[in-house]
Amino acid sequence: MTVERMFDELGHFKRYQACLYFAAVFQAVACGIHYLASVFLVNTPNFVCAAPGNVTDVLYHNLTARRVEDALPALGSAAGPLVARTAAGEQWELSRCRRALRVAPEGFAYDFDGNKSVRACEGGFVYDHAEVERSIVTDWDLVCEREWLAKLCQPTFMLGVLVGALLFGDVADRLGRVRILMFTSVCQFGLGAAVAFSPNYYVFVLLRFLLAMASSGYLVVVFVYVTEFTGIKVRTWTSMHVHAAFAVGIMTVALVGYLVRVWWLYQLILSLCTSPFLLFCWKFPETPFYLMAKRRYKDAQALLDDIGRFNGLDCRLKAEELLEPEERGGAGGGGDLVERRSEAAPEKKLTILDLFGSWRMAGRTCTVWAIWFVGSLGYYVFSLGAVNLGGNQYMNLFIAGAVELPSYLIGCIAMDRIGRKMTCGPALLLAGVACMLIIVVPADADIVVVALSMTGKFAIAIAFGLVYLYTCELYPTIIRSLAVGSGSMMCRVGSVVAPFCVHLADVWVYLPQLIVGILALVIGVLTFLLPETLGRPLTTTLEEAEALGRKPSKTDGVEMNQHEVKA
């Protein structure tokens with residue numbers, strides 16, 4: 001099908017396409033919001049077991065206070081429990097997950113060498129509300145033996161992302177892109193607001209899982225939608241900068257999290273941020289690629305006329321002219337075309353094993369999968385771990401989103417100037433070096449640590465943003481969907497693993513950076529073994545995929561499929 005011809009007549013990115021593009025990617029901001037909202041939803045402040053009875057005096061080393069809450073901000077700066085005295089004269093040593101009653105103390109001092117009776121935290125916990133007034137951790141006591149429930153929130157969300165991408169990607173092929181965009185947009189708003197009113201943890205997780213499916217479905221389909229409305233001359237830029245809207249969502253999370261410290265109000269405001277999109281998304285047209293594929297030629301013709309009229313062009317392009325010559329005979333009723341297709345030889349059913357048809361192709365597939373995996377893993381480790389870098393956690397997350405904006409701009413320029421491989425490889429190496437430097441810098445050098453982490457996020461965003469297009473160009477047409485679809489599956493595996501990797505900081509504070517750094521360095525080196533695709537077409541045979549030798553053709557274009565996108 002030669003639908004790409006319409007852009008030569010109607011413009012690759014004129015007023016009509018620009019309006020649709022910016023309107024569609026506006027809702028992608030909501031995807032970034034919901035993907036990263038959990039960093040403050042599950043914020044765990046300083047806490048200790050509550051003492052039974054009314055507390056009259058508190059000691060923490062040289063610090064004295066009247067209430068346990070007043071001493072909590074200092075907790076963690078030094079080792080040891082809080083010592084609290086109650087109105088009944090009891091003295092309790094309060095730790096995070098246990099409390100100990102002093103037996104027959106002679107005076108009220110911090111140090112005590114006598115006997116103690118260790119008890120469980122049956123009376124609940126006392127939380128430091130200086131940084132976060134309320135989170136789901138403080139509301140539902142997701143600490144100590146229930147701490148794993150809080151840590152499970154983000155992996156569960158990412159599992160929903162995986163399910164949503166598989167589900168809505170297939171449905172969009174059957175029902176159309178616009179219907180899925182509208183449905184997932186309504187679901188993002190409705191489910192996002194419903195999460196704020198969750199009565200308990202289990203309802204919260206279930207609603208977040210469904211919200212993840214809707215967010216992932218929108219992000220997958222909007223990528224296809226905008227690329228099917230923009231010409232090949234600007235498609236690299238438009239596809240890359242869908243992810244820039246995702247980054248704006250991360251920045252919005254940081255800003256709202258700083259201003260609103262109550263989790264349900266924070267969630268509600270985040271869900272309202274992109275609600276204006278619901279007022280005009282129902283006016284979105286279906287894409288010309290989908291209309292032509294479904295033989296809706298009258299609708300396609302009406303769309304072409306609307307685009308030409310809005311762009312101020314006197315275009316007499318007919319929908320039938322976008323068909324291949326052998327298809328035009330069936331454009332009216334489709335009977336001849338169906339008959340010719342029925343007589344054609346059945347195509348070989350391809351499987352994932354075709355990605356390993358030779359040693360060279362197998363090595364290429366393994367390397368590409370590794371880039372997808374480490375790109376996703378590194379992206380979410382840097383994003384989710386930004387709040388744990390030291391200093392102001394809100395500013396750290398805001399910067400983590402902001403550094404993505406120039407990364408996509410520089411990535412697009414580098415891809416066109418020096419090629420895909422020579423952009424991806426150095427970007428992964430830079431991310432790996434940044435991770436290793438974080439390990440060796442002094443622990444109290446917060447500014448240096450944040451700068452290195454943002455450098456790593458900047459670099460990994462470049463590699464993560466370009467791997468889709470690079471994969472498309474590395475494989476022949478007949479197995480391209482398999483290649484990019486399987487790669488995106490590895491990407492989502494990385495996103496599910498990333499939250500667990502972040503929690504490894506409890507074992508050793510630099511363990512997440514060590515894992516990402518080693519993987520990025522190794523995969524960065526292996527990337528240089530891949531062939532370059534700059535200036536070469538999308539190959540059409542296995543032999544050409546091996547050789548990547550013929551000169552580019554203007555008719556070669558990226559075949560967009562909603563399964564072929566990172567989420």
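Values below: every heavy atom of this structure, side chains too, minus hydrogens, waters and symmetry copies. Keep in mind that this is a model prediction, so the values were computed, not measured.
Side-chain contact between L219 and Y35: present, with at least one pair of heavy atoms (C-beta onward) separated by less than 4.5 Å. Side-chain contact between I410 and F458: present, with at least one pair of heavy atoms (C-beta onward) separated by less than 4.5 Å. Residues Y380 and M158 meet the side-chain proximity criterion, which asks for heavy atoms closer than 4.5 Å. Looking only at side-chain heavy atoms (C-beta outward), I33 and C273 come within less than 4.5 Å of each other. Contact check for L529 versus T367: no side-chain heavy atoms found under the 4.5 Å cut-off. You'll find the side chain of F40 stays beyond 4.5 Å of the side chain of V256, heavy atoms only. At least one side-chain heavy atom of H34 sits under 4.5 Å from a side-chain heavy atom of F157. At least one side-chain heavy atom of L211 sits less than 4.5 Å from a side-chain heavy atom of Q267.
Under a cut-off of 6.0 angstrom, the local environment of CE in M395 is sparse, with at most 12 non-hydrogen atoms contributed by other residues, nucleotides or ligands.
In plain terms, the two heavy atoms of P285 and L303 that are nearest each other are CB-CD1, 3.9 Å. What you find for A459 and A431 is that their closest heavy atoms are CB-N, 3.7 Å. The shortest heavy-atom contact between G375 and I460 is O-CG1, 3.8 Å.
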Using salt bridge (charged side-chain N to carboxylate O under 4.0 Å, His left out), reason through E532 and R420 one step at a time and then give a plain yes or no.
CA-CA 7 Å; E532 184 53 85; R420 282 64 162 139; 5.5 Å; no
Check the pair F229, I307 against side chain to side chain contact (heavy atoms under 4.5 Å, CB included), reporting the backbone distance first and the verdict last.
CA-CA 10 Å; F229 264 109; I307 296 175; 4.2 Å; yes
Could you check W372 against S486 for side chain to side chain donor-acceptor pair (under 3.5 Å), going step by step and ending with a plain yes or no?
CA-CA 10 Å; W372 281 95; S486 61; over 6 Å; no
In sequence, state the C-alpha distance, the side-chain angles, and the governing distance for F183 and Y218, and then conclude on ring pair (Phe, Tyr, Trp, His ring centres under 6.0 Å).
CA-CA 9 Å; F183 177 76; Y218 185 88; over 10 Å; no
Working note: F223 + H243, criterion side chain to side chain contact (heavy atoms under 4.5 Å, CB included); need CA distance, chi angles, decisive distance, verdict.
CA-CA 9 Å; F223 187 97; H243 309 308; 4.0 Å; yes
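Using a 30° and 60° split on the angle between ring planes, F310 and Y16 fall in the perpendicular class, above 60°.
No donor-acceptor pair under 3.5 Å is formed between the side chain of T455 and the backbone N or O of A434. Under a 3.5 Å cut-off, the side chain of R364 and the backbone N or O of L474 do form a donor-acceptor pair. S216 contributes no side-chain N or O that, together with a main-chain N or O of G164, makes up a donor-acceptor pair within less than 3.5 Å. Under a 3.5 Å cut-off, the side chain of N311 and the backbone N or O of R15 do form a donor-acceptor pair. Judged by distance alone, with hydrogens and angles left aside, the side-chain atoms of T184 form a donor-acceptor pair with the main-chain N or O of L181 at under 3.5 Å. Under the 3.5 Å distance criterion, the side-chain polar atoms of Q17 are matched with a main-chain donor or acceptor of G11. Side-chain atoms of S376 never come within 3.5 Å of backbone atoms of R492 as a donor-acceptor pair (strictly under, hydrogens ignored). With hydrogens and angles disregarded, no donor-acceptor distance shorter than 3.5 Å links the side chain of N396 to the backbone of V387. In terms of modelled atom types and a separation under 3.5 Å, the side chain of Y21 and the main chain of V226 share no donor-acceptor contact. Looking at S38, its side chain never comes within 3.5 Å of a backbone N or O of L41 through a donor-acceptor pair.
W237 and T230 share no side-chain donor-acceptor pair at under 3.5 Å. Counted by atom type alone, T527 and K421 present zero donor-acceptor pairs between their side chains at under 3.5 Å. In this structure, a donor-acceptor pair under 3.5 Å is absent between the side chains of Y225 and E286. Side-chain atoms of Y408 and E404 form a donor-acceptor pair, as typed in the model, at a separation below 3.5 Å.
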Distance-only donor-acceptor pairs under 3.5 Å for side chains of residues 274-281, two or more places apart:
| residue | atom | partner | partner atom | Å |
| --- | --- | --- | --- | --- |
| T274 | OG1 | Q27 | OE1 | 3.2 |
| S275 | OG | L272 | O | 2.8 |

